[in-house]
Every structure is written in structure tokens, then in C-alpha cells.
There are 2 protein chains.
Amino acid sequence: MSTLDHYVEILKKGNIKVTQQRIDILKYLDSHLSHPTAEEIFLSLKKTHPALSKTTVYNSLDVLRKHGIITTLTITENELRYDFKTKMHHHFLCKKCGQIIDIDISCPNIEKISKFGHRVDEVHGYFKGICKNCLDQGRGKNKSQSLT
Amino acid sequence: MSTLDHYVEILKKGNIKVTQQRIDILKYLDSHLSHPTAEEIFLSLKKTHPALSKTTVYNSLDVLRKHGIITTLTITENELRYDFKTKMHHHFLCKKCGQIIDIDISCPNIEKISKFGHRVDEVHGYFKGICKNCLDQGRGKNKSQSLT
DNA sequence: ATATCAAATTGTAATTAATACAATTTAATA
DNA sequence: TATTAAATTGTATTAATTACAATTTGATAT
Ligand SMILES: [Mn+2]
Ligand SMILES: [Mn+2]
Ligand SMILES: [Zn+2]
Ligand SMILES: [Zn+2]
């Protein structure tokens, strides 16, 4: 969550033409770190920007990704997800509530891969299971905690 | 690569009805550890079994997966990939030649996730970059090595 | 060996994420 | 303010996956 100028700066620094659509998408991703899909981003932004095209969302996300400003996750099966956080981290997908949680750990395996002779550009660490919240609820300890 | 009886045994052990289609799919996955897509499996099996339906391939893969006989990979963006190898291992996707290589290492991070309170059922470790073969070719050391 | 029947297969249609493309608009520069 | 390359829009298309009804078949009991 930052001032709009912050997103303008990010775009200018990458020599990306500054448009309202791109600012909106960046702002959305920065304030929704839940790894949304293109569809979710589109539907949300369309509320306050009815003329927005889904193609623009896809195009903008591609541009941002190619410039390393955002990253993508292939953790779910049918759609790509987007992440404003680019620092290497892991993810946990809860198969019950569906949320994708950031896990701030690094990967100690990169060096091993390099020893095989491959050049590693990206590291993706995903875990799937049941999150703490869902486990607690399943045990009857319903503390009426929100899952959104 | 095993005798057909082996795949029959696998199905029977899982209380899965034995059909020629399921045997064929299992055999294909066992002898093609390249993490094929449903489409690739379908096209290859259709050659010797022209009546095969793509729906059957999807259904069978789902059944096999639900019984833990095969696993799935979401490493590429547009399609699911299937793996006969269920023992926990990592993967490396070469962005040049497209092949997905098995990396036989384990994940030292599982315990950390458990400490967060989540229950971990699946571990997915993916790396992306340029594989050794492609790197060597790029350096002009073309030893005419096959990439298939 | 044969009849039975739930389950599997098939073929087609529907859904959905993503991409292609031509017309229009706009951000950046002069 | 005029210019222009790039971005946006809307629509059409592609491609992976799922839904579903009709048909076939594997396993069981007779
Ligand atoms: Mn994240
Ligand atoms: Mn594998
Ligand atoms: Zn959960
Ligand atoms: Zn390669």
C-alpha cells in the first residue's frame, strides 16, 4: 500500500509507459497480496473503471512480469496467479479454504541444482495441505476467525 | 517399464476396475517420465487405440491421481502434467528446450511449515532456467547430443 | 458359462483461461 | 499543439478442461 506516485515511479524506472490502467493494476496487486487471478483483478477494477478491457489486464500483467516488477504462480491447476512480492519466498495452498499463504523461507537447494550444471533463474516452492486456521476450526475451537 | 501384469496389480491393489485404457495410460506414464500432458498421452495412445476418447484419458488420470498412483505438476502455465514417479522429488524446467528434468533431492523446509501450524500434504519444488545441455550448446561445444 | 448391473467409455457440447487482431484512443515528445 | 508509436478496447479465436447422455464393459453372482 503506497501513494500513487510510487507506482508511477516503478513504471518510469522500467521505461514502461505510464497509464491509469497499469497504475491501477499495480496498486491492486500491492494491496491484495492474496495471489489473485487475472479474472479477479479484472472484475475488481471494472467496478471503478467500467471501460476496462480484460485484454488490457492480461497485457499489463505480462508487461509487468517481463520487467520483473511482479511474478507469477502456477500453484493452482487452471489459472495463473500474480504476486507483487518478488523477493524469493515459498507458498502454502490450503486445500480447504483455498487461500495461498506466503511462507518467508529461502531455498537451500539452489546450489545443488547449479552443481548439476543447470542455470537456475527462478525458484518455486509450493506446499499444499490444510492451513492452521482450517485445522483449528475442524477441532471445534471455532474462534470465529475470518478467513478472508 | 514393466510387464502388463504389473499395472494390473497396481489397479487391483487400489480397488480400481481394470480396463485396457487404464493399463495403457499407466504403461505410457511409466515409460515416459517426461511429465506429459493429457493431450500428449491421448495423441500417443490414439495411434494404437483409435477409439480412445480424450475424456477417458482425463477421467483415468483423475482416478489414478486420487488413488495416489500418479502425481501432477503445475510447473508450466497452461496445462497440467502427469508423473508416474510419486516419491517426493524436485523438477527443473528448461526455458530453452522445454524439458522438465527430475531433480532427486528432498525438501528440508517441510518441518518449518509444520511449525507454522499447517498440515503439509504435498511438496512441490520447481526450478526454471537453462539446462546443462542447452548451456553447453550455447557455448559452441556442440557435441551433437540429443535433447529428446 | 451367462445374466446382471454398476461403473467405465465414448462422443459431443459447454465452459473457461488465455491469445490474436483490427479499430480507436492516448501518453510522450517535439 | 501536432505527431506518432504504443496502449487500450472489443470481439473473435484457440486450447485445456469439464459436463453429460448414450453405449459398452468388467466384475460378480448365479
Ligand atoms: Mn507470494
Ligand atoms: Mn518428476
Ligand atoms: Zn485453510
Ligand atoms: Zn534445455
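Within every chain, numbering begins at 1; the chains are lettered A, B, ... in the order of the sequence lines, protein sequences first and strands thereafter.
- Remark on DNA chain D: of its neighbouring residues B:Asn78 and B:Lys17, the 5'-side contact belongs to B:Asn78, judged by nearest-heavy-atom nucleotide.
- A:Glu40 has its CD atom 11 Å from the P atom of C:dA18, to the nearest Å.
- Side-chain N/O atoms of A:Thr55 and base N/O atoms of D:dT11 include a donor-acceptor pair closer than 3.5 Å.
- Taking side-chain N and O atoms only, B:Ser60 has a distance below 4.0 Å to OP1 or OP2 of C:dT9.
- B:His89 and B:Asp102 share a side-chain donor-acceptor pair at under 3.5 Å.
- Of the N and O atoms on the side chains of B:His67 and B:Asn15, not one donor lies less than 3.5 Å from an acceptor on the other residue.
- When rounded to the nearest whole Å, the span between OH of B:Tyr82 and P of D:dT17 equals 6 Å.
- For the pair A:Asp62 CG and C:dA20 P, the interatomic distance rounds to 10 Å; values are reported in whole Å.
- As a whole-Å value, the separation of A:Phe42 CZ from C:dT16 P is 15 Å.
- When rounded to the nearest whole Å, the span between CD1 of A:Ile16 and P of D:dA6 equals 14 Å.
- Between the base of C:dA17 and the side chain of A:Thr37 there is no donor-acceptor pair shorter than 3.5 Å.
- In the model, A:Gln137 has no side-chain atom that pairs as donor or acceptor with a side-chain atom of A:Asn133 under 3.5 Å.
- When only modelled atom types and interatomic distance are considered, B:His6 and B:Asp30 share no side-chain donor-acceptor pair under 3.5 Å.
- Residue B:Arg22 places at least one side-chain N or O under 4.0 Å from the OP1 or OP2 atom of C:dT9.
- Contact between the side-chain N/O atoms of A:Thr56 and the OP1/OP2 oxygens of D:dA7 is not found at any separation under 4.0 Å.
- No side-chain N or O of B:Arg81 forms a donor-acceptor pair with one of B:Thr37 less than 3.5 Å apart.
- If B:Ala38 and A:Lys46 are placed on DNA chain D by their nearest nucleotide, the residue sitting closer to the 5' end is A:Lys46.
- Residue-level contact check: B:Val18 touches the backbone only, with heavy atoms under 4.0 Å from sugar-phosphate atoms and none from bases.
- Rounded to whole Å, atom P of D:dT8 lies 11 Å from atom CG of A:Leu61.
- Between A:Asn59 atom CG and C:dA17 atom P the separation is 17 Å, expressed in whole Å.
- Rounded to whole Å, atom C1' of C:dT16 lies 9 Å from atom OH of A:Tyr58.
- Side chain of B:Glu79, nearest nucleotide from D:dT8, D:dA16, C:dT10: D:dA16.
- With distances taken from any side-chain atom of B:Thr19 to the nucleotides D:dT17, D:dC20, D:dG26, the minimum falls on D:dG26.
- The side chain of A:Gln21 contributes an N or O atom lying less than 4.0 Å from OP1 or OP2 of D:dT9.
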